[in-house]
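Reminder, nothing fancy here: chain letters follow the sequence lines and each chain counts from 1.
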Protein chains: 2
Amino acid sequence: MKWHDMKDAACPVARAMAVIGDRWTLLILRECFLGTRRFDGFQQRLGITRHLLAERLKRLESAGLLKRHPYQERPLRHEYRLTDSGKAFAPVMLALQDWSRNNLPCDDSAPISFVLRENGAEIDPVLTDRRSGQELNHRTVLMRPNTETRAKG
Amino acid sequence: MKWHDMKDAACPVARAMAVIGDRWTLLILRECFLGTRRFDGFQQRLGITRHLLAERLKRLESAGLLKRHPYQERPLRHEYRLTDSGKAFAPVMLALQDWSRNNLPCDDSAPISFVLRENGAEIDPVLTDRRSGQELNHRTVLMRPNTETRAKG
DNA sequence: ATAGTAGGTTCTATTTAAGAACTCATTATC
DNA sequence: GATAATGAGTTCTTAAATAGAACCTACTAT
């Protein structure tokens, strides 16, 4: 199975892997959420090679999560901004960091904080069902294949 | 930056990348949630090479998401089961598949369905704050660096 | 004795990533 | 007017990870 084959997979998780299935892409998105917009900003804050960064930014752009906006002419320069699709990824990022904090502990304190904009209170993320309000987790949700579950399926 | 360096990063997102930052690991976890437990089951359903599958299962085990349980002796055989840490990953998986469904559309219908165990109703996942009940997304949550945000922390 | 099952390991070839240097257009400094 | 700095990449070489196939081991069934 090749990289390319995944982007047309029927399974949404497999399609997501075609975009975020590598070491760097989620870290680039994290930087976007923290406000980074420019090439050198990403490069310096992450320590990613310039080559890979250019490639990943292109991928995020073509997947519709980022969009380039010119911020000056002469010489023409662009910055990368989250699109609505990219912003919609925020709950995934929050859920992931919450899981990681609780299940992959480490000595140092977390270098990112997530707070409510309206009052600065620390958040305590929980996934719920919009209709029933019920908490969604391994106990309350049943996951099952509809038809075929192979990645390319 | 090497793979290895990320597992001790201060940033929880970076630490998560040391575990799930590749093309296959989330698909393996998806299969776990769908009930797959055995080596050949994963291999056949995903089309992953046996070599990589063995390596990824070891990684998931050492990261504490999976645990091997013997299911027979003579010859000794093990199956892989989700630990509490692994089960706690369910909301991330749900949030990811929901985002993917809404933002990486494709022709075929999704091959996985997620329903409430109690009544079989389709779920509509939304991340909320446990205390305030407020919906958590890019508009309501402020993400900011605490100290240093480089991946190696 | 032969084939099948289950869970791997080993091998080579290809692809991807790391790390450093280089380009190009423009502005700022000596 | 020459030299350095800025910003956003591109181009190299080397190192690591992945793909794909074949092989191994310990049984069980035919």
Is it possible for you to check whether A:Arg37 lies under 6.0 Å from the centre of the six-membered ring of A:Tyr71, through NZ or CZ, and within 45° of that ring's axis?
no
With the side chain defined as heavy atoms from C-beta on, B:Pro75 is closest, among C:dA6, D:dG7, D:dC27, to D:dC27
How many whole angstroms separate atom CE of A:Met6 from atom C1' of C:dT15?
15 Å
Determine: side-chain N/O of B:Arg68 to OP1/OP2 of C:dG8, distance under 4.0 Å, yes or no.
yes
As a quick check of understanding, evaluate salt bridge (Lys or Arg N to Asp or Glu O under 4.0 Å) for B:Arg130 and A:Glu135, giving each step before the final call.
CA-CA 10 Å; B:Arg130 192 184 294 277; A:Glu135 182 169 340; 3.4 Å; yes
Take atom CZ of B:Arg23 and atom P of C:dT16, then tell me their distance rounded to the nearest Å.
7 Å
Using a heavy-atom cut-off of 4.0 Å across all strands, would you classify A:Arg50 as base, sugar-phosphate, or nothing?
base
Starting at atom CZ of A:Arg37, determine the distance to atom P of D:dG7, rounded to an integer number of angstrom.
16 Å
Can you tell which of C:dA17, D:dT18, D:dG9 lies closest to the side chain of B:Asp22?
D:dT18
With a 4.0 Å cut-off on heavy atoms, is B:Phe42 in touch with a base, just the backbone sugar-phosphate, or nothing at all?
nothing
The ring-ring contact (aromatic ring centres under 6.0 Å, His included) partners of A:His138 (sequence neighbours excluded) come to B:Phe33
Would you mind reading off the distance between A:Gln44 atom CD and D:dA5 atom C1', rounded to a whole angstrom?
13 Å
Of the candidate nucleotides D:dA19, D:dA8, C:dG7, which contains the atom at the shortest distance from the side chain of B:Leu52?
D:dA19
A:Tyr71 side chain, from C-beta outward: closest of D:dG7, C:dA18, D:dA19
D:dG7
Side chain of A:Thr49 (C-beta onward), nearest among C:dG19, D:dT10, D:dG20
C:dG19
note: B:Phe39, atom CZ; C:dA6, atom C1'; distance rounded to Å ~ 10 Å
Of A:Leu76 and B:Leu76, whose closest DNA chain C nucleotide lies nearer the 5' terminus?
B:Leu76
Whole angstrom value for the distance that separates C1' of D:dA19 from CG of B:Leu53:
14 Å
Selected nucleotide, minimal atom distance to B:Arg74 side chain, candidates C:dA18, D:dA8, D:dC27:
D:dC27
If you define the side chain from C-beta out and look only at heavy atoms, does anything of A:Leu46 sit under 4.5 Å from A:Arg30?
yes
Between CZ of B:Arg56 and P of D:dA17 the distance, given in whole Å, is 9 Å
Please confirm whether the shortest side-chain N or O distance from A:Trp24 to OP1 or OP2 of C:dT16 is below 4.0 Å.
no
Hey, does the side-chain of A:Arg77 have a donor or acceptor N/O within less than 3.5 Å of a partner on the base of D:dA8?
no
Give the intermediate values and the outcome of salt bridge (Lys or Arg N to Asp or Glu O under 4.0 Å) for residues A:Arg59 and A:Asp22.
CA-CA 12 Å; A:Arg59 186 147 88 204; A:Asp22 69 275; 3.0 Å; yes
Does A:His51 reach a base, just sugar-phosphate, or nothing at all? Heavy atoms under 4.0 Å.
base
I need the CZ-C1' distance between B:Arg59 and D:dT18, as an integer number of Å.
12 Å
Under 4.0 Å between a side-chain N/O of A:Lys58 and OP1 or OP2 of D:dA8, yes or no?
no
Would you check if A:Arg144 and B:Val115 make a side-chain contact, meaning some heavy-atom pair closer than 4.5 Å?
yes
Want to settle it: does A:Gly41 or B:Glu73 sit nearer the 5' end of DNA chain D, counting the closest nucleotide to each?
A:Gly41
